[in-house]
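Atoms within a ligand are numbered from 1 in the order they appear, just like the ligands themselves. Start at 1 with the first residue, then count along the sequence. A quick note: this is a predicted structure, and the numbers were derived from the prediction, not measured.
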Amino acid sequence: MNKTKILIVGAGFSGAVVAEQLAKTNQFEIHVFDERNHIAGNCYTERDKETNIMVHKYGPHIFHTSNREVWEYVNSFIKFQPFVNRVKAVYRGEVYSLPINLHTINQFFRKSMSPNEARAFIESQGEKSIGEPQNFEEQALKFVGKNLYKAFFYGYTKKQWGTEPKNLPASILKRLPIRFNYDDNYYNDLYQGIPEEGYTEIIRKMLEHPNISVILNSKFTLNPKDLDTYSHIFYTGPIDEFFNYKYGRLSYRTVYFKRYVSDGDFQGNAVINYTEENIPFTRIHEHKHFTPWETHNKTVYFEEYSKETEPNDIPYYPKRLETDLQILEKYQKEVNSLQKITFLGRLATYRYLDMHHVIEEALNIAKKFLEKSNIS
Ligand code: UDP
């Protein structure tokens with residue numbers, strides 16, 4: 001029996017999950033294209049040649065989710081080791097605990113408040129005149145007040161996004177919890193961990209099926225013939241690139257890293273944020289702390305710098321400014337008229353998505369596609 005041909009553009013989590021879900025029905029022949037020379041997109045991990053430490057090449061990725069189905073799904077490919085992300089912040093020569101929790105508050109204000117006292121105190125710090133926060137700055141001023149905002153959010157956010165926080169949506173700050181206890185877990189999710197042999201290995205296993213061929217170093221541009229050859233296309237690349245930027249470019253921040261190697265332990269933690277505006281990098285990640293079950297004498301760490309994305313840079317964080325959203329709407333109208341192409345993932349939908357969101361959405365899209373194709 002001839003299998004139905006499917007084209008998938010992008011070998012990151014979105015593309016790999018759809019490929020894996022379709023491949024196992026044995027009804028499809030799947031071609032996955034990626035312009036890079038490796039699979040796994042920005043989740044790519046590899047062993048550092050000099051130190052043998054597992055490095056997250058495009059920046060730290062800590063897997064966390066409250067969705068049991070997603071957790072069990074990723075665990076079906078690889079063993080996850082328990083890992084809790086406990087981020088520290090350096091501000092004016094002092095080390096604090098993130099996300100802002102009772103320890104941070106007490107240390108910062110030189111007090112020893114109880115949870116209830118701290119809650120009342122922080123409420124009293126909040127800017128009362130702000131109703132529904134319209135941007136990042138208002139959100140922060142309303143909920144933590146000027147002092148904590150200036151110390152932990154203003155400088156970091158300005159460096160990270162390259163603009164005044166009042167130009168950014170409040171939703172970015174809503175990613176971070178504020179706690180009135182000593183819980184310093186950066187995430188609120190039920191499940192958290194790091195894959196023992198890295199993320200590349202999960203994606204390699206997803207794509208390992210005989211019905212899947214992976215073609216690397218191959219930049220995709222839609223050829224009208226593709227719509228005859230393939231019964232459906234799943235596109236996970238940048239949405240504006242797909243349409244050749246005809247309505248303009250969507251803006252992203254990109255990051256780059258300066259790599260250092262030394263003996264021993266450089267900072268004693270996986271991630272330390274530098275929240276002052278005048279320190280040029282946003283954070284330092286030291287990757288051996290992401291695999292505490294391994295032993296390494298040397299260490300490799302990276303200063304992370306953020307900048308505007310230029311044409312040849314890798315897009316990381318969608319900025320989603322008002323002008324971007326207007327452009328996005330135009331592209332989305334065109335997407336809706338393309339029956340044979342599904343756009344999914346961070347770049348194709350221009351959203352700030354974590355790995356677990358991407359996987360959840362890709363599983364749902366694959367499920368719907370199979371239902372529509374009468375395959376269960
Ligand atoms: N943020 C901040 N100070 C910090 C950490 C984060 O102001 O020490 C802000 C910053 O604007 C960032 C946002 O909170 O973009 C979300 O942070 P998160 O750690 O979720 O960012 P990501 O993991 O996506 O880099």
Side-chain angles (χ1 to χ4, degrees), residues 42-43 56 58-65 83-92 94-101 103-105 107-108 133 135-179 184-189 192 194 199 251-257 267 269-279 281-285 290 302-309 314-321 346-347 351-358:
N42 279 6
C43 301
H56 304 202
Y58 301 92
H61 283 73
I62 298 105
F63 200 90
H64 57 97
T65 181
F83 182 85
V84 177
N85 197 23
R86 300 187 197 282
V87 178
K88 306 292 172 213
V90 172
Y91 177 68
R92 294 198 178 159
E94 229 176 298
V95 182
Y96 295 92
S97 165
L98 285 182
I100 294 179
N101 61 66
H103 203 145
T104 326
I105 297 166
Q107 181 185 353
F108 187 80
N135 57 55
F136 186 103
E137 181 159 289
E138 288 187 8
Q139 174 83 12
L141 289 174
K142 182 175 164 103
F143 290 104
V144 301
K146 201 170 71 232
N147 295 328
L148 288 175
Y149 168 59
K150 286 271 181 256
F152 297 110
F153 299 123
Y154 178 77
Y156 189 95
T157 298
K158 201 169 164 191
K159 289 190 288 188
Q160 164 82 9
W161 294 93
T163 184
E164 285 294 325
K166 61 173 179 285
N167 300 327
L168 293 164
S171 56
I172 295 176
L173 185 65
K174 288 184 192 149
R175 286 171 58 85
L176 297 182
I178 302 232
R179 303 218 182 89
D184 63 349
N185 183 348
Y186 202 68
Y187 304 115
N188 277 327
D189 284 321
Q192 189 171 170
I194 299 269
Y199 292 96
S251 66
Y252 284 91
R253 291 296 278 181
T254 190
V255 293
Y256 62 96
F257 308 108
Q267 64 179 10
N269 200 39
V271 181
I272 299 191
N273 291 358
Y274 287 78
T275 57
E276 275 160 74
E277 196 184 344
N278 59 359
I279 292 178
F281 47 86
T282 51
R283 55 184 182 173
I284 296 179
H285 14 104
F290 289 120
F302 300 84
E303 290 171 358
E304 179 172 321
Y305 297 79
S306 172
K307 70 175 192 80
E308 214 49 28
T309 307
I314 295 168
Y316 275 75
Y317 296 95
K319 288 178 78 173
R320 296 181 68 87
L321 304 176
R346 180 177 59 94
L347 299 171
R351 284 173 305 153
Y352 191 161
L353 298 175
D354 291 334
M355 290 181 283
H356 63 288
H357 295 130
V358 162

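The contact set between ligand 1 and N273, taken as ligand atoms under 4.0 Å from a residue heavy atom, comprises 4 (C), 5 (C), 8 (O). Against a heavy-atom cut-off of under 4.0 Å, T275 is close to the following atoms of ligand 1: 8 (O). Close approach to Q160 involves these atoms of ligand 1, each under 4.0 Å from a residue heavy atom: 15 (O). Those atoms of ligand 1 with a heavy atom of F136 less than 4.0 angstrom away are 11 (O). For ligand 1, the atoms closer than 4.0 angstrom to any heavy atom of Y186 are 5 (C), 6 (C), 17 (O), 18 (P), 19 (O). When each atom of ligand 1 is checked for a heavy atom of Y352 under 4.0 Å away, the hits are 16 (C), 21 (O), 22 (P), 24 (O).
Nearest protein neighbour of atom 3 (N) of ligand 1, counting heavy atoms only, is F152 O, 2.8 Å. Counting protein heavy atoms only, atom 1 (N) of ligand 1 is closest to Y156 CD2, 3.5 Å. Ranking protein heavy atoms by distance to atom 11 (O) of ligand 1, first place goes to T157 OG1, 2.8 Å. Distance from atom 14 (O) of ligand 1 to its nearest protein heavy atom, with residue and atom name: L176 CD1, 3.4 Å. When only non-hydrogen protein atoms are considered, atom 12 (C) of ligand 1 lies nearest to W161 NE1, 4.0 Å. Regarding atom 23 (O) of ligand 1, its nearest protein heavy-atom neighbour is R175 NH2, 3.9 Å.
The neighbour count for K146 NZ, taken as heavy atoms of other residues, nucleotides or ligands under 6.0 Å away, does not exceed 12.
Screening M355, H357, H356 against T65 for a side chain to side chain contact (heavy atoms under 4.5 Å, CB included) leaves a single residue, H356. Each of F281, Y156, Y96 was scored for a ring pair (Phe, Tyr, Trp, His ring centres under 6.0 Å) with Y274, with one residue passing: F281. In summary, of the residues considered (Q139, K142, E137), a side chain to side chain donor-acceptor pair (under 3.5 Å) with Y149 occurs for E137 alone.
By the 4.0 Å N-to-carboxylate-O rule, D184 lies too far from R179 to be salt-bridged with it.
Ring orientation note: the planes of H64 and Y187 are close to parallel, at an angle under 30° on the 30°/60° scale. Ring geometry, W161 versus Y352: the interplanar angle falls from 30° to 60°, so the pair is classed tilted. Aromatic ring pairs are classed by plane angle as parallel below 30°, tilted from 30° to 60° and perpendicular above 60°; the pair Y91 and F152 is tilted.
At a 4.0 Å cut-off, at least one heavy atom of I172 sits close enough to ligand 1 to count as contact. Using 4.0 Å as the threshold, Y154 has no heavy atom nearer than that to any atom of ligand 1.
If you look at H285 and F257, their ring centroids are closer than 6.0 Å.
Looking only at side-chain heavy atoms (C-beta outward), Y58 and I314 come within less than 4.5 Å of each other. Inter-residue side-chain proximity for S306 and Y317 is flagged as unmet; no heavy-atom pair is nearer than 4.5 Å.
Where the criterion is an N or O separation shorter than 3.5 Å, residue side chain and backbone included, Y317 meets it with respect to ligand 1.
The part of L98 lying near ligand 1 is the side chain, judged by heavy-atom distances below 4.0 Å. If you look at F153 next to ligand 1, the close heavy atoms, those under 4.0 Å, come from the backbone and the side chain alike.
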